[in-house]
Amino acid sequence: MAISLRLPSPACVNGKDLLWHSNHDRQKGVMHFYVHRRNKNLNVNLYAVPRRSISNIRVVRCFKTDGLAEFKRARGEDYASSTAMAPNHSQRSKTLLDRSSKPMDGMNDFERQLQEFFAEVKSMLKLGNKDDAITLLQANYEAVKEQIDAGVKDMEQAAILDIIALGYMGLGDFVLVESLLDMMNEIVCSVKNSEPLLDSLLMHMGSMYTALGKFDNAMLVYRRGLEILENLYGKDSPFLVIPLLGIGKVFGAIGRATKAVEIYKRALNILETSRGADSEDVVLPLFNLGNLLIKEGRASDAEIYFKRISSIYMKIYGEHDGRVGMAMCSLAHALCAKGNVDEAISSYRNGLKVIKDSKYMALDDDIMEKMRIDLAELLHVAGRENEGRELLEECLLVSEKYEGNEHPSTVTHLLNLATSYSRSKNFVEAERLLRTSLRIITKSMGPEDPSITIPMLHLAITLYHMKQFEEAEYLALEAVHIREEAFGKESLPVGEALDCLVSIQTRIGTDDSKILMLLKRVLSIQEKELGYESEDAMITLKKVVFYLDKLGRKDEKLPLQRRLSMYRTKHKQSVRW
């Protein structure tokens with residue numbers, strides 16, 4: 001019996017507004033704010049609440065085959081009896097185990113259904129229909145799990161689990177993704193390299209393992225996929241590029257930059273030989289090489305690669321194409337890394353103009369928004385804060401136009417603008433923006449959600465500068481309480497909030513012994529989470545030593561003072577070396 005996927009009819013989609021969840025739940029309900037600087041007068045460094053990155057769902061590539069072994073039924077009942085009814089809908093949705101077909105035609109039908117399943121999940125995630133996506137994924141998981149429990153563990157099951165894992169990756173359920181990967185790995189370890197679909201499945205597994213930070217696992221599956229493709233097509237085939245890029249990314253992630261560059265260059269050489277030096281296909285390895293070299297401090301080499309990308313796109317599409325604009329924005333990063341800030345700003349501005357004029361992407365596209373914010377931050381670094389604020393205001397206007405004035409997506413831009421005004425010492429305007437952002441996010445997420453502590457702490461800092469210490473202390477205390485409930489009393493987000501509270505209480509004359517107690521707590525958290533000799537821990541240690549000396553507790557102060565002295569000596573030696 002061949003396999004069929006559970007696919008919902010249009011009536012299954014309930015139309016519920018899940019825009020906030022689709023945009024923010026995958027980040028644990030916490031937004032990341034791009035423009036941020038440590039204030040020199042108040043030693044508080046605000047971080048977004050820790051979250052993990054989500055990789056995009058990748059396209060499924062299926063090979064045709066003469067057919068795979070049919071499922072062997074462990075029980076005699078027809079799987080038509082295990083179907084699920086869509087809400088308020090009479091048409092039955094089929095699972096991967098419902099459909100029957102002839103053995104020789106089964107795989108082609110299976111491939112088609114895999115593609116349909118993948119497209120349906122991707123569409124639901126794009127529309128923000130989280131609940132419907134979960135229902136669809138869970139129905140197929142239960143169906144395939146029943147087969148696996150019955151002892152059927154072939155490539156069909158692995159391929160279905162692959163799509164399900166990609167779906168949950170998009171939903172941000174990383175614990176379940178790891179469990180699914182374990183199930184897939186158990187299957188693929190027992191199949192031969194000649195199995196159809198195996199190389200594609202290995203590439204997807206490598207991508208997910210990489211996104212989860214499981215680099216050893218990623219390297220194993222990528223290398224196996226590479227071996228399969230080398231045996232099928234030779235060592236110079238363009239089919240090798242995908243696993244090579246995956247391997248290069250893993251090497252880069254684990255700090256083996258030299259090896260990563262070697263792998264990327266191999267992929268580039270393969271494409272240059274097979275497709276031509278000016279082929280659009282060479283852009284991806286060029287882009288990866290450029291980004292890696294920027295991280296390695298080789299900005300001049302990176303600049304060469306990004307200029308080459310721009311040249312390729314111009315030759316193919318003309319200088320006014322949006323892809324040229326994207327390449328110009330990438331080039332700006334290399335120019336900035338070289339220290340050519342004015343050139344970088346010019347390249348970024350021109351690139352954004354080309355993208356906008358060509359209508360290459362929508363104004364409210366996430367990538368477009370990110371590039372505007374990056375340019376705004378670059379302008380702030382260059383001291384051109386008024387120009388930077390214009391871009392941040394544009395981001396806010398775009399968000400309000402497409403999402404509404406009270407939509408949570410506006411909070412990021414309100415916070416960025418507030419940060420900009422704070423840099424310019426315009427604390428009154430910063431306060432107004434922060435209160436607006438706090439009201440919006442509290443209304444959306446609730447008064448106990450940890451997301452609200454980000455604008456809350458920013459507002460506390462602003463009120464500190466405005467000498468409104470009583471309310472600043474109240475907000476900092478509230479942020480500490482919320483984060484303790486959400487993340488635990490010894491978590492880094494709590495340590496950060498405590499650091500803010502200490503600075504405020506120091507100014508309002510809180511008892512020194514209470515300040516010292518809080519500082520010791522902050523130090524303990526930083527040592528645990530950031531390392532015994534981290535810079536933040538050393539800054540806090542200096543404060544602890546200061547208060548011990550102030551309170552006359554010399555016995556406690558001396559060993560900590562020696563620790564600071566050893567740290568300074570070690571640091572100076574490392575700098576000289």
Asks: Side-chain contact, heavy-atom cut-off 4.5 Å: Leu166 with Val121?
Replies: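 Sidechains of Val121 and Leu166: no contact.
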Asks: Specify the closest pair of heavy atoms between Ala260 and Leu292, including all atoms of both residues, with the distance to one decimal.
Replies: CB-CD2, 3.5 Å
Asks: Are Ser409 and Ser399 linked by a side-chain donor-acceptor pair shorter than 3.5 Å?
Replies: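 There is such a pair (donor and acceptor under 3.5 Å, judged by atom type) between the side chains of Ser409 and Ser399.
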Asks: Would Arg389 and Glu393 count as a salt bridge (Lys or Arg N to Asp or Glu O under 4.0 Å) here? Give the steps.
Replies: CA-CA 6 Å; Arg389 271 195 293 276; Glu393 286 168 355; 5.6 Å; no
Asks: If you take all heavy atoms of Val177 and Ala165, which pair is closest and at what distance?
Replies: CG2-O, 3.7 Å
Asks: For the side chain of Asn129 and the backbone of Asp132, is there at least one donor-acceptor N/O pair under 3.5 Å apart?
Replies: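 No, because the side chain of Asn129 does not come within donor-acceptor range (under 3.5 Å) of the backbone of Asp132.
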Asks: Give, for atom SG of Cys336 and atom CG of Leu378, the distance between the pair rounded to the nearest 0.5 Å.
Replies: 4.5 Å
Asks: Between Ser420 and His380, is any pair of side-chain heavy atoms under 4.5 Å apart?
Replies: yes
Asks: Kindly indicate, with the supporting measurements, whether the criterion salt bridge (Lys or Arg N to Asp or Glu O under 4.0 Å) is fulfilled by Lys265 and Glu262.
Replies: CA-CA 5 Å; Lys265 285 186 174 180; Glu262 177 187 326; over 6 Å; no
Asks: Are Met124 and Glu120 close enough that some pair of their side-chain heavy atoms sits under 4.5 Å apart?
Replies: yes
Asks: Is there a donor-acceptor pair under 3.5 Å between the side chain of Thr210 and the backbone N or O of Gly206?
Replies: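 Confirmed, Thr210 side chain pairs with Gly206 backbone.
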Asks: For the backbone of Ser207 and the side chain of Tyr222, can you confirm whether one donor and one acceptor N or O come within less than 3.5 Å of each other?
Replies: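 Present.
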Asks: Quick one: which of Arg266, Arg224, Arg223 gives a salt bridge (Lys or Arg N to Asp or Glu O under 4.0 Å) with Glu230?
Replies: Arg266
Asks: With side-chain contact (heavy atoms from CB on, under 4.5 Å) as the test, would you mind laying out the steps for Ile355 and Cys329 before giving the verdict?
Replies: CA-CA 10 Å; Ile355 295 168; Cys329 291; 4.3 Å; yes
Asks: Taking atom CG of Leu202 and atom CG of Asn193, what is their separation to the nearest 0.5 Å?
Replies: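 Here the rounded value is 8.0 Å.
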Asks: For the residue pair Tyr313 and Glu319, confirm or rule out a side-chain donor-acceptor distance under 3.5 Å.
Replies: no
Asks: With rounding to the nearest 0.5 angstrom, report the CD1 to CG distance, Ile254 to Asp216.
Replies: 7.5 Å
Asks: With the side chain counted from C-beta on, respond yes when Asp357 and His320 share a heavy-atom pair under 4.5 Å apart, and no when they do not.
Replies: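 When only atoms from C-beta onward are counted, His320 and Asp357 do not touch, as no gap falls below 4.5 Å.
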Asks: Can you check whether Lys401 reaches Asp364 side chain to side chain, under 4.5 Å on heavy atoms?
Replies: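 Lys401 does not reach Asp364 side chain to side chain.
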Asks: Show the numbers, then the answer: is there a side-chain contact (heavy atoms from CB on, under 4.5 Å) between His413 and Glu369?
Replies: CA-CA 10 Å; His413 311 303; Glu369 177 183 281; 3.1 Å; yes
Asks: For the pair Ser424 (side chain) and Asn426 (backbone), establish whether a donor and an acceptor sit closer than 3.5 Å, ignoring hydrogens and angles.
Replies: no
Asks: Should Leu232 and Phe239 count as side-chain neighbours, where that means a heavy-atom distance under 4.5 Å?
Replies: no
Asks: Taking the side chain from Thr419 and the backbone from Leu415, do they hold a donor-acceptor pair closer than 3.5 Å?
Replies: yes
Asks: Verify the neighbour count for atom CD of Glu406: are there more than 12 heavy atoms of other residues, nucleotides or ligands below 6.0 Å?
Replies: yes
Asks: Report the distance from atom CE of Met205 to atom CG of Leu198, rounding to the nearest 0.5 Å.
Replies: 9.0 Å
Asks: Salt bridge check, Lys370 against Asp366: does any charged N sit closer than 4.0 Å to a carboxylate O?
Replies: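 No, no charged N to carboxylate O under 4.0 Å.
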Asks: Mark yes or no for whether Ser179, through its side chain, and Val175, through its backbone, hold a donor-acceptor pair below 3.5 Å.
Replies: no
Asks: Drop me the distance from Asp365's CG to Tyr402's OH, to the nearest 0.5 angstrom.
Replies: 10.5 Å
Asks: Where does the angle between the aromatic ring planes of His465 and Phe427 fall among parallel (under 30°), tilted (30 to 60°) and perpendicular (over 60°)?
Replies: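 The arrangement is parallel - the two ring planes meet at less than 30°.
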Asks: Run the side-chain contact (heavy atoms from CB on, under 4.5 Å) test on Tyr305 and Asn288 for me, step by step, so that the C-alpha distance in whole Å, both residues' side-chain angles and the decisive distance to 0.1 Å come before the verdict.
Replies: CA-CA 9 Å; Tyr305 288 118; Asn288 288 339; over 6 Å; no
Asks: I'd like to know if the side chain of Glu400 pairs up with that of Thr410 as donor and acceptor (distance under 3.5 Å, no hydrogens or angles considered).
Replies: no
Asks: So, His333 versus Tyr348, ring centres under 6.0 angstrom or not?
Replies: yes
Asks: With side-chain contact (heavy atoms from CB on, under 4.5 Å) as the criterion, how do Arg275 and Val282 come out once you've worked through the C-alpha distance, each side chain's angles and the decisive distance to 0.1 Å?
Replies: CA-CA 8 Å; Arg275 306 287 168 81; Val282 306; 5.6 Å; no
Asks: Counting only heavy atoms from other residues, nucleotides and ligands, does the tally under 6.0 Å from CG of Leu397 exceed 12?
Replies: yes
Asks: Decide whether Ser451 and Asp449 meet the rule of one side-chain donor and one side-chain acceptor closer than 3.5 Å.
Replies: yes
Asks: With a 4.5 Å cut-off on side-chain heavy atoms, are Ser358 and Asp321 touching?
Replies: no
Asks: Give the minimum heavy-atom separation between Leu240 and Lys235, together with the two atoms involved.
Replies: CD1-O, 3.2 Å
Asks: Under 6.0 Å from the NZ atom of Lys356, do we count more than 12 heavy atoms belonging to anything else shown?
Replies: no
Asks: Considering only residues two or more places apart or on different chains, which pairs with a residue in residues 251-281 satisfy ring-ring contact (aromatic ring centres under 6.0 Å, His included)?
Replies: none
Asks: With a 4.5 Å heavy-atom cut-off, do Glu429 and Leu417 have their side chains touching?
Replies: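 No, side chains not in contact.
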Asks: Write down the atom of Gly318, the atom of Val324, and the distance for their closest heavy-atom approach.
Replies: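 What the structure gives for the nearest pair is O-CG2, 3.3 Å.
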Asks: When you measure from the side chain of Asn350 to the backbone N and O of Ser346, does any donor-acceptor pair fall under 3.5 Å?
Replies: yes
Asks: Show, in sequence, the C-alpha distance, side-chain angles and deciding distance for Arg308 and Glu272, and conclude whether the salt bridge (Lys or Arg N to Asp or Glu O under 4.0 Å) test is met.
Replies: CA-CA 13 Å; Arg308 186 175 165 191; Glu272 287 176 333; 2.6 Å; yes
Asks: Verify salt bridge (Lys or Arg N to Asp or Glu O under 4.0 Å) between Asp301 and Lys338, making sure each step is shown before the conclusion.
Replies: CA-CA 10 Å; Asp301 293 332; Lys338 284 181 64 178; over 6 Å; no
Asks: Would you say the side-chain atoms of Thr453 pair up with the backbone N or O of Pro450, donor to acceptor, closer than 3.5 Å?
Replies: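 Yes: the side chain of Thr453 pairs with the backbone of Pro450.
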Asks: Looking only at heavy atoms, what is the nearest atom pair of Ala418 and Ala430, with distance?
Replies: O-CB, 3.5 Å
Asks: Roughly how far, to the nearest 0.5 Å, is the CG atom of Leu438 from the CD1 atom of Ile454?
Replies: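 One gets 11.5 Å once the value is rounded to the nearest 0.5 Å.
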Asks: Measure across Leu245 and Leu284 and return the closest heavy-atom pair with its distance rounded to 0.1 Å.
Replies: CD1-CD2, 3.4 Å
